Protein chains: 2
Amino acid sequence: MENKIRVLRAEKNWTQEDLAGAVGVSRQTINAIEKGKFDPSLPTAFRIARLFGQPIEAVFLYGD
Amino acid sequence: MENKIRVLRAEKNWTQEDLAGAVGVSRQTINAIEKGKFDPSLPTAFRIARLFGQPIEAVFLYGD
DNA sequence: TTTACATGTCAAGTTTTATTAACATTAGAA
DNA sequence: TTCTAATGTTAATAAAACTTGACATGTAAA
């Protein structure tokens, strides 16, 4: 699944570690999600989307 | 995490098995999600929400 | 060039999500 | 009441998400 985390994070000038801390996961987890190595859990997806003030569908792009 | 699956499913007159088949998971998985025993994965949440023509946030209620 | 910070990646382990199979319970129709 | 479909629940297992720790690379500033 694609996602817009890298762009949204850049807009906020946040490092992966900043985001990880705010979301409550490890830096490696943010890196892996960002690079598409796996999908976040639903609660993690909710927290990420909320931090960026976006609906989940605007951050994570599923299928079509 | 709360969800509105039971109500949305009732509106469509779908059984748990109908929904499970459409989503591509087992009936027990739908039952467990519906009863809040665990949260679906993000891809599963996307498929459920799309089947009901709703954004994820309208089907799954996180926090608040 | 060296220092410092950000990112990439890997291995090994834990927790969570999802599976199949089996059986119990509930509710409604015959 | 009896039969049947739907739902509830449990056990054992597999797969995916996430962890810590360690180390490599990239990039930019001193």
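Residue numbers begin at 1 in each chain, while the letters A, B, ... track the order of the sequences. Fair warning: this is a prediction, and the values are worked out from it, not measured in the lab.
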* Greater than 12 external heavy atoms within 6.0 Å of Glu17(A)'s CD -> no
* Enumerate the residues from residues 9-23 of chain A whose closest heavy atom to DNA chain C is under 4.0 Å, giving them by residue number; use none for an empty result. => Arg9(A), Thr15(A), Gln16(A)
* Which heavy atom of Arg9(B) sits nearest a heavy atom of Gln16(B), and at what distance? -> NH1-N, 3.4 Å
Expected rows: protein N/O vs nucleotides 12-19 of chain D N/O, under 3.5 Å:
unit_1: dA17(D); atom_1: OP1; unit_2: Asp39(A); atom_2: N; d: 3.4
unit_1: dA17(D); atom_1: OP1; unit_2: Asp39(A); atom_2: O; d: 3.3
unit_1: dA17(D); atom_1: O5'; unit_2: Asp39(A); atom_2: O; d: 3.4
unit_1: dA17(D); atom_1: O3'; unit_2: Ser41(A); atom_2: N; d: 3.4
unit_1: dC18(D); atom_1: OP1; unit_2: Ser41(A); atom_2: N; d: 2.9
unit_1: dC18(D); atom_1: OP1; unit_2: Ser41(A); atom_2: OG; d: 2.7
unit_1: dC18(D); atom_1: OP1; unit_2: Thr44(A); atom_2: OG1; d: 3.0
unit_1: dC18(D); atom_1: OP2; unit_2: Ser41(A); atom_2: N; d: 3.4
unit_1: dT19(D); atom_1: OP1; unit_2: Ser26(A); atom_2: N; d: 3.3
unit_1: dT19(D); atom_1: OP2; unit_2: Ser26(A); atom_2: N; d: 2.7
unit_1: dT19(D); atom_1: OP2; unit_2: Ser26(A); atom_2: OG; d: 2.9
unit_1: dT19(D); atom_1: OP2; unit_2: Thr29(A); atom_2: OG1; d: 2.4

* Asked: What pair of heavy atoms forms the shortest contact from Ile56(A) to Ala45(A), and how long is it?
  -> CG1-O, 4.2 Å
* To the nearest angstrom, how far is Asn31(A) atom CG from dC10(C) atom C1'? -> 12 Å
* Structure fact -> In short, Leu51(B) meets Trp14(B) closest at the heavy-atom pair O-CH2, 4.0 Å
* Using the side-chain contact (heavy atoms from CB on, under 4.5 Å) rule, take Glu57(A) and Tyr62(A) through it: C-alpha gap first, then chi angles, then the decisive distance, then the call. => CA-CA 8 Å; Glu57(A) 283 87 349; Tyr62(A) 180 70; over 6 Å; no
* Between Arg47(B) and dA18(C), is there a side-chain N or O to OP1/OP2 distance below 4.0 Å? -> no
* In whole Å, what is the span from the NZ atom of Lys35(B) to the P atom of dT17(C)? -> 17 Å
* Can you tell me if Arg27(B) uses its side chain to pair, donor with acceptor, with the backbone of Ala20(B) under 3.5 Å? -> no
* Which atom pair, heavy atoms only, marks the closest approach of Met1(A) to Leu61(A)? -> CG-O, 3.1 Å
* Rounded (10°) bend between the five-pair end axes of the helix from dT1(C)-dA30(D) to dA30(C)-dT1(D) -> 40°
* To do: Give a yes or no on whether the backbone of Ile33(B) and the side-chain of Asn3(B) come within a donor-acceptor separation of less than 3.5 Å.
  => yes
* Residue pair Asp39(B) / Pro43(A): nearest heavy atoms and the distance that separates them -> OD2-CG, 3.3 Å
* Does Thr15(B) offer a backbone N or O that forms a donor-acceptor pair with the side chain of Asp18(B) under 3.5 Å? -> yes
